[in-house]
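Chain letters run A, B, ... following the sequence lines, proteins first, then strands; residues in each count from 1.
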Number of protein chains: 4
Amino acid sequence: MGEDKKDNLIQAALMLFEEQGYHTTKISDIVREAGVAQGTFYLYFKSKEDMFRSIAEACLEEIVVALQQGGVSKDTDEQKDYLMIRRALEVYHENKTILKIINRHGVGSQEIAGVSEAFYQQIMMVIKQALRDEAMYANYSEDQLEIIAFSKIGMVEMVAYQWFVVKNCGSETINALAQIIVGDLGPCKFKAME
Amino acid sequence: MGEDKKDNLIQAALMLFEEQGYHTTKISDIVREAGVAQGTFYLYFKSKEDMFRSIAEACLEEIVVALQQGGVSKDTDEQKDYLMIRRALEVYHENKTILKIINRHGVGSQEIAGVSEAFYQQIMMVIKQALRDEAMYANYSEDQLEIIAFSKIGMVEMVAYQWFVVKNCGSETINALAQIIVGDLGPCKFKAME
Amino acid sequence: MGEDKKDNLIQAALMLFEEQGYHTTKISDIVREAGVAQGTFYLYFKSKEDMFRSIAEACLEEIVVALQQGGVSKDTDEQKDYLMIRRALEVYHENKTILKIINRHGVGSQEIAGVSEAFYQQIMMVIKQALRDEAMYANYSEDQLEIIAFSKIGMVEMVAYQWFVVKNCGSETINALAQIIVGDLGPCKFKAME
Amino acid sequence: MGEDKKDNLIQAALMLFEEQGYHTTKISDIVREAGVAQGTFYLYFKSKEDMFRSIAEACLEEIVVALQQGGVSKDTDEQKDYLMIRRALEVYHENKTILKIINRHGVGSQEIAGVSEAFYQQIMMVIKQALRDEAMYANYSEDQLEIIAFSKIGMVEMVAYQWFVVKNCGSETINALAQIIVGDLGPCKFKAME
DNA sequence: TATGAATGAGAGTTCATTCAT
DNA sequence: AATGAATGAACTCTCATTCAT
């Protein structure tokens, strides 16, 4: 039952952070939304920042794990690339709440910046690992693979942000987005959006 | 002379926003840094948010203009692509302060989010325009070009953020980064960076 | 068994009050130290203040009783005086915890101030009674004896506080302190203390 | 004009601390009494504790200075003693506000305890110095003089507290109190009080 | 134009106390 | 008798903004 309230608080906070941003959201908003008393917040979190850090950590970790599980082996590099991009878009789509909070509203605290930095480091490592299996990048150095990895992350993140958050598109766009990003226009499945 | 003080305020604010973020920086910090009195701030700006909006607008507009001027026509698509990417990296490098402020610290105000959104819309248009000149994208639809444009923006922005802000590399890395991103490993000019 | 917990609470509270003062000590500190649950506190005490009042009353009453039992009759006034002072120092030494709590940390509640006031009234009466037996004070009025009594109390309390609490000296200093206070330097047993 | 408000705050605080104690007095009480805004408090003091520390320091320093100026040279030790005691009672009477605050209400903060400890150390030194001039204490060691000094301080403080604070007597009692404390009953000027 | 003391609404946080189990 | 999660009133403190000079 105790965990009930903690969960209420987290759900309420995520909703409010997404809607109005971290700084605009007051503890009093969160507890009202969660239906608990003001003091209850402090049973579960040391402070507002502590709450956000723990939520962000959990969400970002989820993304890292989800990306890691996307390991597939297909024939061509292009197929691998496509699947990687699609998988990443799926994961971002499922986690667009935290994506929106962090990208649109930011947070601005040393500690949380650290969480974010660590997150990017982790997914970069995951992507770099995947790239090593592609023939195309066979003779790339570690540093060069890192550049490629980050550029792919940026690509996916920006597209995900623009389509899932700004344009608020659904998961049915994922295939088309991935196809275009990878560069195969074949039989175009891409329909006008919004 | 009055403009002197306004400029002092802007420079002080940019420095502090970059260092500690928008929310952490107090008006009192800015005026102390700028060497003017507390009340003077309000002679030049309606509010703290108003100041940030105007600074952000100016900086982002500068980026848009700089990107637009990069229009050059070379023989191959790959050359065009490389030059576009390099140009974008240069521009981001020159403007890494605002890049850092917006990406690392975020903003958290509806109005400023609008500024940011409009900025991305503008540079997307610039990039899309440039892509139309590449043979490679001849039969892409507008929507498809938009995806490509955003994915390129994301690529450049993420790489610029990681190398110029996180790793704090200088402009001498630009060529190498651009080359790798575009995919030409030719005579590799890329050196290990730390 | 119930009384066990009550006693635990009292011991824990005394320790914490002495260490950090009444106001700084939280109920949660006391119950943690006592090894009981938060709610258990209220089975034994109406409130934090009620607890402190009852502890203080008990301790101070102990001091009063101890002082009363010191009644001895010796030949000279000086001997009586010395014994009275020594006895008082002993008592204060044994009760330095409450002495420290009340003198160093104060109290700050009307009700408890009353307890303290009543305590001084009581020991004043005890001392006054003792003084009546000394030839030296034969023709002193009641009011005058009261002044003498309070001045002796102040003397002993201040010395006890400085030596037992501030300098943290042990009971071996008592004789020397009493001798000096009374004014007999005879064969000086007093050693340098640090 | 700025100092006006600071002074208002100090006067209001002293009054309230005396009336209801340090812990019971809220910042909101102080500013209301002083007739300034809540935020104004923080222009002059870092916190409530900081305020009290600075007030206490000033008051206690005043007492030390006042006691130091009492240096007089009379014929007999008894005369010197009497004058010292009377002077001390006068000083305590003039400063009974801070005496009441510290003795009755206490404060309970490490930092302020330090101020108080330092105060006693200082007046002990003053008294010890004075005692050295008395023939009576010619062959007392430093340690022994310290005991005498503290016992005299305790005497005066307790009597001052009981008569000036508890019984609320005026300065006309000072002579009589001093006389009794010193031990001369001569032509008794002491009248029944209140 | 420039000042900076003053403001006060409103934020985050604390903690003695309660009560269903 | 014992628990400890939950409470919420009340606190201290912050800081963007104002305005008399």
Exercise for review: Under 4.0 Å between any heavy atoms, over every strand shown, what does C:Val31 touch: base, sugar-phosphate, or nothing? Just pick one.
Suggested key: nothing
Practice item. Rounded to the nearest angstrom, tell me the gap between atom CZ in C:Arg53 and atom C1' in E:dA16. Key: 17 Å
**Study point:** Within the 6.0 Å centroid threshold, strictly below: B:Tyr92 and B:Phe164
**Key:** no
Check your understanding: When the distance from NZ of C:Lys46 to P of E:dT18 is rounded to whole Å, what number comes out?
Key -> 12 Å
Point to revise | Criterion side-chain contact (heavy atoms from CB on, under 4.5 Å) on C:Tyr22 and D:His23, from CA distance to verdict | key: CA-CA 11 Å; C:Tyr22 172 75; D:His23 284 98; over 6 Å; no
Practice item. Using atom CG of A:Asn8 as one end and atom P of F:dA5 as the other, report the distance to the nearest whole Å. Key: 16 Å
Study note, to complete from the structure: Considering only heavy side-chain atoms of D:Lys26, the closest of F:dA16, E:dG12, F:dC11 is F:dC11
Point to revise | From E:dG12, F:dA1, F:dA6, nucleotide with atom closest to C:Leu43 side chain | key: F:dA1
**Study point:** A:Lys100 to A:Phe17, cation-pi by 6.0 Å centre distance and 45° axis angle
**Key:** no
Check your understanding: Nearest nucleotide by nearest heavy atom, which residue falls closer to the 5' end of DNA chain E, C:Ile27 or A:Ile27?
Key -> A:Ile27
Review point. So which nucleotide does E:dA20 pair with, by the Watson-Crick or G-U wobble rule with both distances under 3.5 Å?
Key: F:dT3
Practice item. Provide, to the nearest angstrom, the distance between the CD1 atom belonging to D:Ile30 and the P atom belonging to F:dC13. Key: 11 Å
Practice item. For C:Gly39 and for B:Thr25, find the nucleotide of DNA chain F with the closest heavy atom, then tell me which residue's nucleotide is more 5'. Key: C:Gly39
Point to revise | Salt-bridge present (A:Arg32, A:Asp29; N to O < 4.0 Å) | key: yes
Point to revise | Selected nucleotide, minimal atom distance to D:Thr40 side chain, candidates E:dA16, E:dT7, F:dA2 | key: E:dT7
Study note, to complete from the structure: Side-chain atoms of B:Tyr42 come closest, of F:dA16, F:dG8, F:dT3, to F:dA16
Review point. To the nearest angstrom, how far is B:Tyr44 atom OH from E:dT3 atom C1'?
Key: 12 Å
Revision key, fill the gap. Closest to the side chain of A:Lys5, out of F:dA6, E:dA6, F:dT3, is F:dA6
Review point. Is the shortest side-chain N to carboxylate O distance from D:Glu49 to D:Arg53 below 4.0 Å?
Key: no
**Study point:** A:Phe41 CZ to E:dT14 C1', straight-line distance once rounded to whole Å
**Key:** 14 Å
Practice item. Starting from P on E:dA2, measure out to CD on B:Gln38 and report it in whole angstrom. Key: 15 Å
Point to revise | 5'-most by nearest nucleotide on DNA chain E - B:Ala37 or A:Ser28 | key: B:Ala37
Review point. For B:Phe45 and E:dT1, what is the distance between atoms CZ and P respectively, to the nearest whole Å?
Key: 13 Å
